[in-house]
Amino acid sequence: QVQLVESGGGLVQAGGSLTLSCAASGRTFTSGSMAWFRQGPGKEREFVALIRWSSGNPYYGDSVKGRFAIFRDNAKNTVYLQMNSLKPEDTAVYYCATGGSGTLRWEYNYWGQGTQVTVSS
């Protein structure tokens, strides 16, 4: 059974940084991607970033490009999302997802429980 466990969320001031982690267990992934999505209050779940398991190539949503970085540790089956220059509009519950690929939430079969990120102005 695949499990994804996020950690690293919290409260940070605007301009600050946070790094989220997503640890996958139950299966070793060699294809597809691990992605981060987020859902702010009253908003749809939005694609943030993904990294391909095989190549390590990243891809970012327009709203985070240049500020966020996604990277992986294959030995730990863990993906990280480093978030810099955070803005209040980055406030959301952040979810990791895998068992698929792409920028649409329905393309992924496995989801974590989410971790809250709050950016104060």
Side-chain angles (χ1 to χ4, degrees):
Q1 183 178 354
V2 175
Q3 281 194 314
L4 302 180
V5 179
E6 300 107 333
S7 60
L11 174 64
V12 64
Q13 287 190 329
S17 298
L18 275 177
T19 299
L20 306 182
S21 301
C22 178
S25 62
R27 177 181 158 185
T28 299
F29 293 91
T30 57
S31 63
S33 304
M34 176 77 92
W36 287 95
F37 288 78
R38 66 185 182 186
Q39 189 163 12
K43 297 182 180 179
E44 294 288 322
R45 195 166 296 191
E46 172 192 22
F47 169 76
V48 175
L50 66 80
I51 187 165
R52 294 176 176 83
W53 283 113
S54 58
S55 65
N57 290 338
Y59 182 76
Y60 299 96
D62 288 341
S63 61
V64 305
K65 205 171 292 183
R67 299 188 298 123
F68 290 12
I70 187 170
F71 55 99
R72 77 195 197 286
D73 183 335
N74 279 3
K76 295 182 179 179
N77 230 21
T78 299
V79 171
Y80 303 90
L81 184 68
Q82 182 176 346
M83 306 184 295
N84 300 318
S85 302
L86 283 162
K87 305 174 182 179
E89 50 264 44
D90 294 318
T91 295
V93 178
Y94 283 72
Y95 299 90
C96 60
T98 194
S101 194
T103 62
L104 304 175
R105 57 183 178 175
W106 51 82
E107 295 181 286
Y108 293 89
N109 292 318
Y110 307 109
W111 290 82
Q113 81 287 353
T115 186
Q116 176 71 46
V117 172
T118 303
V119 184
S120 63
S121 56

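As the structure is a computational prediction, the values presented were derived from the model and not from experiment. Computed over heavy atoms, backbone and side chain alike; hydrogens, waters and symmetry mates excluded.
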S.K.: Who passes side chain to side chain donor-acceptor pair (under 3.5 Å) against S55, sequence neighbours left out?
M.R.: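 Listed in chain order: N57.
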S.K.: Do any pairs count as a ring-ring contact (aromatic ring centres under 6.0 Å, His included) and have a residue in residues 70-90, sequence neighbours left out, and if so which ones?
M.R.: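 Pairs touching residues 70-90 that pass the test: F71-Y80.
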S.K.: Provide the closest heavy-atom pair for L11 versus S120 in the form atom of the first, atom of the second, distance.
M.R.: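 Heavy-atom minimum between the residues: CD1-CB, 4.4 Å.
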S.K.: Taking only residues two or more places apart in sequence or in another chain, which ones pass side chain to side chain donor-acceptor pair (under 3.5 Å) with Q3?
M.R.: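 Applying side chain to side chain donor-acceptor pair (under 3.5 Å) to Q3 gives none.
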S.K.: Just verifying a value: how many Å separate Q13 CD and S121 OG, rounded to the nearest 0.5 Å?
M.R.: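 These two atoms lie 9.5 Å from each other.
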S.K.: May I have all residue pairs that pass disulfide (SG to SG under 2.5 Å) and include part of residues 12-121, sequence neighbours excluded?
M.R.: C22-C96
S.K.: I'd like to check the side chain to side chain donor-acceptor pair (under 3.5 Å) partners of S101; sequence neighbours left out, ordered by chain and number.
M.R.: S33
S.K.: Given a cutoff of under 4.5 Å between side-chain heavy atoms of I, L, V, M, F, W and Y, with clusters grown through shared members, what are the other residues clustered with Y110?
M.R.: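 Y110 clusters with V2, L4, V12, L18, L20, F29, M34, W36, V48, I51, W53, Y60, V64, F68, I70, V79, L81, M83, L86, Y94, V117, V119.
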S.K.: Let me confirm one number: the CZ-OH distance from F47 to Y59, rounded to the nearest 0.5 Å.
M.R.: 6.5 Å
S.K.: Give me the atom names and distance for the closest heavy-atom approach of Y108 to W111.
M.R.: O-NE1, 3.4 Å
S.K.: Listed by chain and number, what are the ring pair (Phe, Tyr, Trp, His ring centres under 6.0 Å) partners of Y95, not counting sequence neighbours?
M.R.: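 Scan of Y95 (ring pair (Phe, Tyr, Trp, His ring centres under 6.0 Å), adjacent residues dropped) gives none.
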S.K.: Check K65 with D62, please: is the shortest side-chain N to carboxylate O separation under 4.0 Å?
M.R.: yes
S.K.: Quick one: side-chain hydrogen bond (donor to acceptor under 3.5 Å, both in side chains) pairs with a partner in residues 41-50, sequence neighbours left out?
M.R.: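 Sorted result for residues 41-50: R38-E46, Q39-R45, E46-S63.
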S.K.: List the residues meeting salt bridge (charged side-chain N to carboxylate O under 4.0 Å, His left out) with E107, not counting sequence neighbours, and say none if there are none.
M.R.: none
S.K.: With sequence neighbours left out, what residues match T118 under side chain to side chain donor-acceptor pair (under 3.5 Å)?
M.R.: Q116
S.K.: G99 and N109: which non-hydrogen atoms are nearest, and at how many Å?
M.R.: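 Nearest pair, atom of G99 first, then N109: O-ND2, 2.9 Å.
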S.K.: Among all residues two or more places apart in sequence or in another chain, which pass the salt bridge (charged side-chain N to carboxylate O under 4.0 Å, His left out) test with R27?
M.R.: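 R27 satisfies salt bridge (charged side-chain N to carboxylate O under 4.0 Å, His left out) with no other residue.
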S.K.: Please list, chain by chain and in numerical order, all residues satisfying salt bridge (charged side-chain N to carboxylate O under 4.0 Å, His left out) with R72, sequence neighbours excluded.
M.R.: none
